[in-house]
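Chain A is the first sequence line, chain B the second, and so forth, proteins listed ahead of strands; every chain is numbered from 1.
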Amino acid sequence: MLNSKFQLPLDKLFEKAKSENRALLLAYIPAGFPTVEQCKKIISAMIEGGVDAVEIGFPYSDPVMDGPIIQAAAVQALANKVNMEDLFDIAKHTSEIGGTALAMTYWNPIEKYGVDKFVTNAKSSGINAVITPDLTVEESNSWIEMSNQNQLGRVYVVAPSSSDKRLELVSANCRGFVYAASLMGVTGVRSELSQAAEKLVGGIKKYSTEPVCVGLGVSNAQQVAQIAKYADGVIVGSAFIKVIQESKDEAEQISKVRELALELSSGLKRS
Amino acid sequence: MSDLLSDLNPTGVGQSFLSDLKIDELTGHFGQFGGRFVPEALIAALDQLDEAYKFALKDPEFKKELSELHKNYTHRPSIITEAPRFAKHAGGVRIFLKREDLNHTGSHKINNVLGQALLAKRMGKKRLIAETGAGQHGVATATAAALFEMQCVVYMGEEDTKRQALNVARMKMLGAQVVPVKSGSRTLKDAINEALRDWVTNVENTHYLLGTVAGPHPFPMMVRDFHRIIGDEAKAQMLEMNHKLPDAILACVGGGSNAMGIFYPFIQDLSVKLIGCEAAGDGIETGKHAATITGGSPGVLHGMRTYVLQDENGQTMESHSISAGLDYPGVGPEHAYLYESKRAQYLAITDKDAMDAFLLLTRTEGILPAIETAHALAGAIKVGKELAQESSNPSDIHLLINLSGRGDKDVETASRYFGIEI
């Protein structure tokens, strides 16, 4: 796949972080949660607090990789009738305020929207790369072709159960970074990190020069610091959603998200 | 040919229809349908399962073990019963019932469950998880877990635990843990999501015993293969009884396992019409239905590409049916393909027509069918009448219906429907 080695703005971010001897912080929020407008404000707070890139999720009715916290957020966003245009709108906002936008979506909404149209609009709204948690490389022919044509990054998720053969195949088809699931399971807040993540990152690095970001279960600065030692980026989702859900009003959502981002980003620097 | 059946059996297909079918046994693709749309975390388990299943298919020891269970535990072969009084209401054609309701646990579901439980044992997995709608698959899985001394967790939509309280009690008595699923529409679709989440988390010691011909490869092919015994037996029985193949086979389709099981051995017999009966609920036009092929469009759900009930944003829509077992907004990918290739046809049967047929079979033949199965019976009334009209001698027309399950579990729902006080 010769033409898959196009450059992304995201690459510069990873390079810069490397020169600063730190990992990147990636935060997740479903588009339109809690509302489209508030979602934008929260993203601004994330970036002010030190988040480097924001994964904007497209809420989906059947999110099999997500635990109860993100499921509940998706239900709320879906009740707001969020559509793909909202996702692109939020991505534009993210780029405009100086953030780096990523998207995360289960496959069916892309297919229904039209792969071609999705790729074009994602690119033009500033999305660097798209994470597709339920799309296998084997089912990706049109996706790979069209994302390459439009120089849109592709991120697949690998897991501790992935064989070396799978790691080689999957990471070869990633552009932007490789998403390493820290554990076997769904998204959520975990008090302890599994040992599997470091081994997995090592496994991916055998086959790929793409940056590797670790997600699933990460919720505090201590865990961030642990992962930052061996990975290029740390992904936090449920922990952000949880503080939003637990806030009493919109103002508190903003301040709590900023606080959490500040706390988490304090763990990024490798000592 | 009549309107109802005009799409069937296209001209120009060769003698060997199967060789024209675009089915890839290695990747589990049926034309554009099937495949694997799952988190990478599950690929290793799916590969392991695929390998165990392909090995087992050729292993005489496995076949022997399974066929002994069929014979001495399930009570196979299931018999065929002719239903002459019921048939009078279907234009006077002859109607034959393949009695899967007489299997141990009361439906066809046990065929697949025993096969997969044996595979789980071979893979060293001691924990079975399953989704269930009507509860028949959950009961069958709990039964196998008891038989093989395995741990069992059954996910069931909260809505369905109410509709099928009797089966919940049966599962608990068998030692299974029943988890009521409170997310989404709280029915079968959400039970599958929850089972997939459990599997992603516990895949090392757990086998997901999926109960229908759906999900990621190898499930659709494997579950079909474990159910083809229905069609294989029926073919031999019909030939022995009537010295000819049936003219049409009818089966209800939710995910579509009993239908694939009875259809599959007849796919090359182009004289045999294959007719799946989907749940039209309150009627397709009301939007409150579960007729995925009739009212849906191609998409991706639960690990497969297939027909899906979805909105303009690709969100899965909630399905509606009086029958918990058919209340599913997807369908097995092989059905999607049999439909697209015009080898099979799919009728949509309303709750009302199904319930009329339910009562009719009970009153005319003394056989109380599952409400799921009643959809196939209602389909047979329509098809029978139509075929009879074209024929000078309707009694030459033979319909084979897969009587996929018994209706004991539905007594409460049916009583409520018919206003019988209990």
Using a 4.5 angstrom heavy-atom cutoff, name the option from B:I43, B:V308, B:L196, B:N202 with the most pairs to chain A.
B:I43
Do you know which of B:A44, B:A195, B:P39 has the most heavy-atom pairs under 4.5 Å to chain A?
B:P39
Quick check on [X] against chain B: is it the side chain, the backbone, both or neither that has a heavy atom closer than 4.5 Å?
X      : value
A:V157 : backbone
A:S162 : side chain
A:Y113 : neither
A:V170 : side chain
A:Q71  : side chain
A:P63  : both
A:P109 : both
A:L183 : neither

So, are [X] and [Y] salt-bridged, with charged N and O less than 4.0 Å apart?
X      : Y      : value
A:K165 : B:D47  : no
B:E334 : B:R224 : yes
B:R36  : A:E139 : no
B:E204 : B:K126 : no

With a 4.5 angstrom heavy-atom cut-off, which part of [X] approaches chain A: side chain, backbone, both or neither?
X      : answer
B:E312 : backbone
B:D311 : backbone
B:T316 : both
B:T27  : neither

Under 6.0 Å between ring centres: does that hold for A:F58 and A:F88?
no
What about B:Y337 and B:F30, are their ring centers closer than 6.0 Å?
no
Passing candidate, side-chain contact (heavy atoms from CB on, under 4.5 Å) with A:F177, options A:D232, A:V212, A:L24, A:L102:
A:L102
Taking the side chain as everything from C-beta on, heavy atoms only, tell me whether B:D190 gets closer than 4.5 Å to B:E131.
no
Residues, nucleotides or ligands: over 12 heavy atoms within 6.0 Å of B:E51 CD
no
